[in-house]
Amino acid sequence: MAENEWLSKDFYKVLGVSKEATDDEITKAYRKLARKYHPDLNKTKEAEEKFKDISEAYDVLNNKESRQKYDAIRQFGMGGARFAGGSGAGGFDASGFSDIFGSMFGGTGMGGNGSRIRFQTNGGNPNLNDIFSMFGGAAGQGAGAYGAGAGSPYGAYEQAVQPEDGEDRNSKINLTFRQAVKGATVSLSAGGKKFKTHIPAGVKDGQKIRLAGKGKPGRNGGKNGDLYLQISVAEDPKFTMRKRDIIMALLITVGQAVAGAKVSAKDIDGNEVTFKVPAGSSSGTEVRLSGKGVANPRGDGDLIGRVEIRIPDRPGLAVKRAAKEFDKACGDFADELAKER
C-alpha cells in the first residue's frame with residue numbers, strides 16, 4: 001500500500017486498538033484477527049479482503065518508524081497542522097509542521113542546511129509525495145497487500161506463531177474390587193512427571209477416565225492434551241457390582257428359606273450386617289440393605305444379598321426322611337415344578 005493512501009486508512013480502527021496501544025497490544029490484536037480471517041482458514045471473499053486490510057495495518061503499526069510516520073501524516077491530513085504561505089509561487093512554508101515533524105528533523109520546520117523546507121504544490125494543494133519523501137522514503141514504497149513478508153503474500157501472518165494443542169495420552173491402571181467400589185488415590189506418571197489423582201467410587205472394569213491437561217504439552221501457548229486412563233478391575237470371589245449396588249451371595253438353609261429368618265453376613269469392609277430373609281424365599285431372591293452400596297453424590301447404592309439355598313453334601317437318613325415329609329406337606333408343589341420344567 002502506497003504511503004500517499006495512508007490519509008484514507010485508519011489502521012488503528014482496522015485492528016480495533018486505540019492510538020495509544022502498545023506494541024504488544026497491536027501484535028495481540030493482529031494475531032487474533034489473522035487467525036479469524038486468514039485465507040487458509042476462512043475461504044470467503046470478504047475474509048480475504050479483511051485479511052489484506054489487517055495485514056496492511058499491522059505492517060505499518062508494528063514498525064516504530066513507519067508508525068511514527070503514519071501518525072504524523074494522519075495528523076497533517078486531519079487538520080492537525082497549520083500552513084503558512086511562503087514566498088514564491090506555488091510553494092508552502094513548512095514552519096507550520098514543527099509540532100509534527102520537528103523531532104524527526106532536529107529542528108523546527110528547517111531542512112538539514114537550516115533553510116525552510118518547501119513543498120511544491122500542484123493546483124494549489126501540497127504534493128503529498130514531497131511530504132512523504134521527508135521521512136526517508138518515496139511515495140508508493142509502503143506495505144504489500146498481505147503484509148511484510150517478501151516473496152510470500154502471507155509473510156506477516158507467518159510470523160505470528162499459531163498455538164497448537166498438545167496430543168492426548170493413554171494409560172492403564174489395575175484396581176482391586178474394593179478400590180473400584182470405594183474409590184482410591186493413585187500415583188501415576190506421564191511425560192516423566194509423577195502426580196496423584198483420585199479414582200471415583202464405582203468405576204467399572206474397562207471404563208476410561210479423562211484427566212484434563214495431563215497429556216502432552218501444548219506448543220506456542222496451546223493447551224495441554226488430556227490423559228485417558230483405562231481401568232482394569234480385579235474380580236472378587238464374593239462381591240460383584242451392578243451400577244451403584246454391591247451384590248453378594250447370601251447362603252441360607254431350606255428351613256430359613258421356608259420359615260424366613262434374620263441372616264448375618266459381612267460386607268465388603270468386613271463389618272457384620274443382617275439381612276431379613278422373608279418366608280418362602282427361593283434361590284435368586286434378592287434382599288437389600290439400603291445405602292450400603294457405592295457411595296455417590298447423587299445417591300448411594302444398596303448392598304444386595306442374593307439368596308442361595310444350600311443343603312448338606314451328604315444328607316443323613318433322617319434328613320432324607322424329613323425332606324420327603326416336607327414334599328408331602330407341600331401338596332402339589334412338586335408336580336407344579338415338574339410342569340414348569
Side-chain angles (χ1 to χ4, degrees), residues 168-188 190 195-215 226-313 330 333-334 336-341:
D168 295 332
R169 285 191 173 105
N170 292 283
S171 187
K172 297 180 179 180
I173 189 169
N174 297 319
L175 301 178
T176 65
F177 183 81
R178 188 177 185 281
Q179 285 178 318
V181 169
K182 295 291 185 177
T185 298
V186 298
S187 296
L188 300 172
F195 63 95
K196 292 184 177 182
T197 190
H198 181 71
I199 306 298
V203 293
K204 306 296 191 297
D205 184 59
Q207 182 177 339
K208 280 189 176 183
I209 296 177
R210 173 177 167 267
L211 303 179
K214 295 300 183 181
D226 300 329
L227 173 62
Y228 288 89
L229 188 62
Q230 182 166 332
I231 306 297
S232 179
V233 180
E235 292 185 0
D236 188 273
K238 185 175 180 181
F239 299 96
T240 58
M241 188 162 36
R242 183 177 66 198
K243 296 183 179 180
R244 301 178 199 170
D245 296 334
I246 302 172
I247 301 174
M248 61 177 290
L250 186 62
L251 309 181
I252 64 174
T253 66
V254 173
Q256 290 172 325
V258 172
K262 292 182 178 180
V263 181
S264 296
K266 290 185 177 181
D267 65 13
I268 196 169
D269 294 319
N271 299 321
E272 188 170 289
V273 292
T274 301
F275 290 94
K276 293 182 179 180
V277 179
S281 294
S282 299
S283 291
T285 298
E286 293 184 352
V287 290
R288 65 180 61 223
L289 297 176
S290 297
K292 296 290 185 179
V294 176
N296 189 285
R298 292 175 292 179
D300 297 342
D302 299 333
L303 175 61
I304 296 176
R306 182 176 288 154
V307 170
E308 289 186 14
I309 300 172
R310 294 288 183 89
I311 61 174
D313 291 336
C330 289
F333 181 67
E336 292 173 1
L337 289 181
K339 291 178 181 178
E340 290 185 17
R341 293 194 294 269

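- Contact detail for Val233 and Asp205: the closest heavy-atom pair is N-OD1, 2.8 Å.
- The side-chain hydrogen bond (donor to acceptor under 3.5 Å, both in side chains) test with Asp226 singles out one residue from Arg169, Arg210, Lys214, and that residue is Arg210.
- How far CD1 of Ile252 is from CD of Glu308: 10.0 Å, rounded to the nearest 0.5 Å.
- Salt bridge present: Lys182 and Asp269 bring a charged side-chain N and a carboxylate O closer than 4.0 Å.
- Smallest separation of non-hydrogen atoms from His198 and Gly183: CE1-C, 4.3 Å.
- Using modelled atom types, no side-chain atom of Asp302 and backbone atom of Asp245 make a donor-acceptor pair closer than 3.5 Å.
- Two residues are said to be in side-chain contact when any heavy atoms from C-beta on lie closer than 4.5 Å; Phe275 and Leu303 meet this criterion.
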task: Show your working on side chain to side chain contact (heavy atoms under 4.5 Å, CB included) between Lys208 and Asn170 and close with a plain yes or no.
output: CA-CA 9 Å; Lys208 280 189 176 183; Asn170 292 283; 4.1 Å; yes

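- Smallest separation of non-hydrogen atoms from Asp300 and Asn296: OD1-N, 2.9 Å.
- Enclosure of atom CG in Leu337 by more than 12 non-hydrogen atoms of other residues, nucleotides or ligands within 6.0 angstrom is indicated.
- For the atom pair OG (Ser171) and CG (Leu229), the distance works out to 5.5 Å, reported to the nearest 0.5 Å.
- One N or O on the side chain of Lys238 and one on the backbone of Lys266 form a donor-acceptor pair closer than 3.5 Å.
- Ala295 and Ala201 get closest at one heavy-atom pair: O-CB, 3.8 Å.
- In this structure the side chain of Ser232 never reaches within 4.5 angstrom of the side chain of Leu175, judged on heavy atoms.
- Counting only heavy atoms from C-beta outward, the side chains of Phe239 and Val181 never approach each other to under 4.5 Å.
- To the nearest 0.5 angstrom, Leu211 atom CG is 6.5 Å from Ile199 atom CD1.
- Taken from CE in Met248 to NZ in Lys292, the straight-line distance is 13.0 Å, to the nearest 0.5 Å.
- Between the CG atom of Leu250 and the CZ atom of Arg288 there is a distance of 13.5 Å, given to the nearest 0.5 Å.
- Atom CZ of Phe333 has 12 or fewer neighbouring heavy atoms from other residues, nucleotides or ligands inside a 6.0 Å radius.
- In this structure a side-chain-to-backbone donor-acceptor pair under 3.5 Å is present from Lys204 to Lys243.
- Between Val294 and Met241, the closest side-chain pair of non-hydrogen atoms falls below 4.5 Å.
- When every heavy atom of Val287 is checked against every heavy atom of Pro278, the shortest pair comes out as CG1-CD, 3.7 Å.
- Note that CD1 of Ile209 and CD1 of Ile231 are 4.0 Å apart. Values are rounded to the nearest 0.5 Å.
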